[in-house]
Amino acid sequence: MSAVLEIAGLQKTYRSRKGVRKALDGFDMVVEAGQVHGFLGPNGSGKTTTLRTLLGLIRPNGGRMSILGREVPQALPEVAGSVGAIVESPQFFGNFSAQDTLSLLADAGGVPRTRVFEVLELVGLRDRSKDRVKTYSLGMKQRLAVASALLKNPKLLILDEPANGLDPGGIREMRGLMAGLAESGMTVLLSSHILGEIQLICDSVTIIAAGRRVAAGSVAEVLATHASTSLRVRL
Ligand code: ATP
């Protein structure tokens with residue numbers, strides 16, 4: 001196995017009029033190829049800061065990061081085509097269909113229209129692709145968001161809380177989708193503050209608390225050795 005993503009000693013301090021807040025305090029993470037890797041931590045532990053830093057949206061104060069063996073943020077322009085990411089809840093036009101939405105995004109990104117049909121199939125929205133997005137369930141909207149990140153056929157897919165608000169059925173669908181992507185050779189990094197989601201969806205996990213890695217490994221291993229973790233279990 002080889003690492004698709006490596007983070008070492010990442011530091012981020014936010015400074016505002018309210019004072020100084022250390023969001024990342026020497027954070028480390030390694031994500032191996034072909035894994036659905038969970039990024040688990042309570043609210044405010046630094047997950048979004050890590051993901052936004054990886055994508056070059058926030059400048060870190062220290063540490064090193066690489067994607068597909070290339071140092072980021074310096075090499076982001078070269079690896080950008082290999083990374084699909086959803087780090088903010090995307091806003092879709094309710095009156096557009098999934099097909100319209102993805103076609104617009106494909107055109108804007110120089111992606112062939114044939115890819116739209118492939119991703120609709122991948123996320124299980126082909127049957128409803130002509131219906132307006134406002135008629136979709138939350139799970140369908142989340143899968144449409146994943147579809148938009150898949151248009152470029154990325155090697156690494158980064159998703160911030162894609163299962164947020166889903167019921168157990170929606171989470172099972174998300175698990176099927178992620179497993180299928182990993183089987184096709186994609187690597188997925190998926191954040192959540194809910195242990196049960198990670199247990200259901202992921203192969204391996206990194207746990208973050210107060211900006212530091214507190215555990216990492218296969219989900220089974222980490223749960224066996226950190227059974228007393230105080231993370232919230234919802235399922
Ligand atoms: P959640 O699950 O609630 O999204 P998180 O694990 O993603 O949490 P972050 O959003 O990365 O955590 O926040 C880490 C810490 O940094 C928190 O204490 C948060 O209040 C703080 N923080 C995040 N963004 C900013 C900002 N722009 N300015 C100041 N502090 C911030």
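Here, residue 1 is the first one in the sequence, and each next residue gets the next number. In each ligand, atom 1 is the first atom listed, and ligand 1 is the first ligand listed.
Summary of contacts: the protein heavy atom closest to atom 12 (O) of ligand 1 is G46 N, 3.1 Å. Taking atom 11 (O) of ligand 1 as the reference point, the nearest protein heavy-atom neighbour is T49 OG1, 2.5 Å. Looking at atom 19 (C) of ligand 1, its nearest protein heavy atom turns out to be R21 CD, 3.9 Å. Of the protein's non-hydrogen atoms, N43 ND2, 3.6 Å is the one closest to atom 1 (P) of ligand 1. In this structure, the protein non-hydrogen atom closest to atom 10 (O) of ligand 1 is T48 CB, 3.7 Å. Shortest contact from atom 26 (C) of ligand 1 to any protein heavy atom: Y14 CD2, 3.5 Å. At the top of the distance list for atom 14 (C) of ligand 1, counting protein heavy atoms only, stands G44 O, 3.3 Å.
Using a 4.5 Å heavy-atom cutoff, the side chains of R213 and I7 are not in contact.
By the 4.0 Å heavy-atom criterion, P42 is counted among the residues contacting ligand 1. Judged by the shortest distance from any of its heavy atoms, R52 lies outside the 4.0 Å radius around the atoms of ligand 1. The shortest separation from a heavy atom of S16 to ligand 1 is not under 4.0 Å, leaving the residue out of contact. Using a 4.0 Å cutoff on heavy atoms, G41 does not count as a contact of ligand 1.
A distance of 5.0 Å separates CG of D25 from CZ of R212, quoted to the nearest 0.5 Å. With rounding to the nearest 0.5 angstrom, the CG atom of L24 is 11.0 Å from the NZ atom of K47. Atom CG of L195 sits about 4.5 Å away from atom CD of Q199, to the nearest 0.5 Å.
Side-chain N/O atoms of D100 and S97 include a donor and acceptor closer than 3.5 Å.
Few gaps surround OH on Y14; more than 12 heavy atoms of other groups in view lie less than 6.0 Å from it.
Close approach of ligand 1 to A23 (heavy-atom distance below 4.0 Å) involves ligand atoms 14 (C), 15 (C), 16 (O). Taking every non-hydrogen atom of S45 and a distance limit under 4.0 Å, the qualifying atoms of ligand 1 come out as 5 (P), 6 (O), 12 (O). Every atom of ligand 1 is numbered from 1 in the order shown, and the set under 4.0 Å from a heavy atom of E161 is 2 (O).
Heavy atoms from both the backbone and the side chain of K47 come within less than 4.0 Å of ligand 1.
Among residues at least two apart or in separate chains, ring-ring contact (aromatic ring centres under 6.0 Å, His included) pairs with a member in residues 31-56 are F27-F39.
Annotation for L177 and L122: closest pair CD1-O, 3.3 Å, computed over non-hydrogen atoms. The minimum heavy-atom distance linking L157 with L181 is given by the pair CD2-CD1, 3.7 Å. The two residues V79 and I67 make their nearest non-hydrogen contact at CG1-O, 3.7 Å.
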